[in-house]
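Have a look at the structure that comes next, please.
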Amino acid sequence: MPIDITNENFKNEVEQSNLPVVLDIYAVWCGPCKQMEPIVEQLEKELGSKYKFAKLNVDQSRELAIKYGVTSIPTFLFIKSGNVVHKETGYMNKEDLRAKIENSLGK
């Protein structure tokens with residue numbers, strides 16, 4: 001299960017993470033976000049030793065969403081050493097998301 005990110009734990013869990021982070025920015029009312037949830041969970045099971053998977057509720061952490069220029073959801077931020085190295089928006093199938101993760105954060 002991806003870690004729930006809040007304003008309070010963002011620095012420790014994301015910016016200071018020893019692993020590259022896949023941050024899923026979502027909302028509970030968002031249909032495509034709900035479709036992505038099982039895909040993200042599957043990838044976490046397969047890739048969780050190499051990457052940290054986390055999720056951020058846009059309605060509960062508006063400031064962080066604004067800080068990272070999130071204008072639509074779902075948005076995925078790929079973060080390495082505290083820096084966003086790539087950003088993707090919208091629904092993706094499992095293979096596409098896996099490729100984006102590995103291409104952005106390294107295999």
Side-chain angles (χ1 to χ4, degrees):
M1 197 74 184
I3 298 165
D4 283 311
I5 298 300
T6 63
N7 292 332
E8 292 74 30
N9 71 0
F10 182 82
K11 185 174 183 175
N12 284 342
E13 294 291 349
V14 177
E15 290 180 340
Q16 297 176 347
S17 176
N18 293 328
L19 291 173
V21 179
V22 177
L23 182 60
D24 174 10
I25 302 173
Y26 75 101
V28 293
W29 46 263
C30 165
C33 299
K34 289 179 184 175
Q35 291 176 312
M36 290 302 302
E37 193 173 340
I39 294 170
V40 171
E41 288 176 3
Q42 287 173 11
L43 286 172
E44 181 184 35
K45 285 179 185 163
E46 296 170 19
L47 304 172
S49 62
K50 291 192 265 185
Y51 313 105
K52 180 185 285 188
F53 286 78
K55 59 185 185 171
L56 176 79
N57 183 319
V58 72
D59 291 325
Q60 294 174 353
S61 298
R62 233 174 202 8
E63 305 82 20
L64 287 170
I66 291 167
K67 176 181 176 181
Y68 288 98
V70 175
T71 56
S72 63
I73 49 175
T75 290
F76 294 89
L77 298 181
F78 305 102
I79 302 168
K80 201 176 208 178
S81 303
N83 298 307
V84 176
V85 295
H86 190 69
K87 179 173 157 181
E88 284 289 330
T89 303
Y91 175 84
M92 289 173 269
N93 65 36
K94 182 179 170 185
E95 294 73 27
D96 287 346
L97 181 55
R98 177 193 294 269
K100 303 280 185 198
I101 292 168
E102 291 178 340
N103 290 337
S104 301
L105 299 174
K107 294 184 182 184

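The structure displayed is predicted, hence computed values, not measured ones.
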- About how many Å separate CD1 of I5 and CD of E8, when rounded to the nearest 0.5 Å?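 Nearest 0.5 Å value for the CD-CD1 distance: 11.0 Å.
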- Do you know the tightest heavy-atom contact between L105 and V22?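 So the two residues come closest at CD1-CG2, 3.9 Å.
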- Evaluate the ring planes of F76 and F78, with Trp represented by its six-membered ring, and classify them as parallel (under 30°), tilted (30 to 60°) or perpendicular (over 60°).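 Rings of F76 and F78: parallel, as their planes differ by under 30°.
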- Query: Does the side chain of E88 reach to within under 4.5 Å of the side chain of T75, using non-hydrogen atoms?
  - Reply: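 Heavy-atom side-chain distance check fails, nothing below 4.5 Å.
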- Decide whether L43 and Y91 are clustered together by the hydrophobic rule: side chain heavy atoms of Ile, Leu, Val, Met, Phe, Trp, Tyr closer than 4.5 Å, transitively.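 Yes, because L43 and Y91 connect within a single hydrophobic cluster, where side-chain heavy atoms sit under 4.5 Å apart.
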- Task: Please check if L56 and Y51 belong to a single hydrophobic cluster, counting links between Ile, Leu, Val, Met, Phe, Trp and Tyr side chain heavy atoms closer than 4.5 Å.
- Result: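 No, it is not one cluster - the side chains of L56 and Y51 are not joined through contacts under 4.5 Å.
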- Query: Linking I/L/V/M/F/W/Y whenever their side-chain heavy atoms sit closer than 4.5 Å, directly or via other members, would W29 and Y26 fall into one cluster?
  - Reply: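 Both belong to a single hydrophobic cluster.
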- Message: Would you compute the distance between atom CD of Q16 and atom CG of N9 and round it to the nearest 0.5 angstrom?
- Response: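 Those atoms lie 11.5 Å apart.
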- Task: Measure across V70 and I73 and return the closest heavy-atom pair with its distance rounded to 0.1 Å.
- Result: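 Where V70 meets I73 most closely, the heavy atoms are CG1-CG2, 4.1 Å.
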- Measuring from K67:NZ to F10:CZ, what's the distance to the nearest 0.5 Å?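 That separation rounds to 5.5 Å.
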- Message: Could you measure the distance from the OG atom of S17 to the NZ atom of K11? Nearest 0.5 Å is fine.
- Response: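 With rounding to 0.5 Å, OG (S17) is 14.5 Å from NZ (K11).
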- Item | Shared hydrophobic cluster, L23 / L64 (ILVMFWY, side-chain heavy atoms < 4.5 Å) |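 Yes, because L23 and L64 connect within a single hydrophobic cluster, where side-chain heavy atoms sit under 4.5 Å apart.
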- Task: Go through the steps to decide whether E37 and D24 satisfy the test side-chain contact (heavy atoms from CB on, under 4.5 Å), and finish with yes or no.
- Result: CA-CA 9 Å; E37 193 173 340; D24 174 10; 5.9 Å; no
- Query: How far does CD of Q35 sit from CG of N93, to the nearest 0.5 angstrom?
  - Reply: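 Output value for this atom pair is 11.5 Å.
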- Are V40 and V28 grouped together when hydrophobic residues (ILVMFWY) are joined by side-chain heavy atoms under 4.5 angstrom apart?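 Hydrophobic grouping puts V40 apart from V28.
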- Query: Does the salt bridge (charged side-chain N to carboxylate O under 4.0 Å, His left out) test come out yes or no for K94 and E46, once each step is laid out?
  - Reply: CA-CA 11 Å; K94 182 179 170 185; E46 296 170 19; 2.5 Å; yes
- Item | Closest non-hydrogen atom pair, P2 against E41 |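 Smallest heavy-atom distance, with atoms named: CD-CG, 3.9 Å.
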- Query: Is a side-chain donor or acceptor of N57 paired with a backbone partner of D59 at a separation under 3.5 angstrom?
  - Reply: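 Yes, N57 side chain to D59 backbone: donor-acceptor pair under 3.5 Å.
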- Item | Shortest non-hydrogen contact from L97 toward M92 |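 Taking every non-hydrogen atom into account, CD1-CE, 3.7 Å.
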- Item | Closest approach of L77 to I25 (non-hydrogen atoms, all atoms of both residues) |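 The pair with the smallest heavy-atom distance is CD1-CD1, 3.7 Å.
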- Query: What's the shortest heavy-atom distance between K52 and L19, and which atoms?
  - Reply: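 It is N-CB, 4.0 Å.
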- Task: Take D4 and K55 through the side-chain contact (heavy atoms from CB on, under 4.5 Å) test and state the conclusion after the steps.
- Result: CA-CA 5 Å; D4 283 311; K55 59 185 185 171; 2.9 Å; yes
- Task: Look at atom NZ of K87 and say whether more than 12 heavy atoms of other residues, nucleotides or ligands are closer to it than 6.0 Å.
- Result: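 Result for NZ/K87: enclosed.
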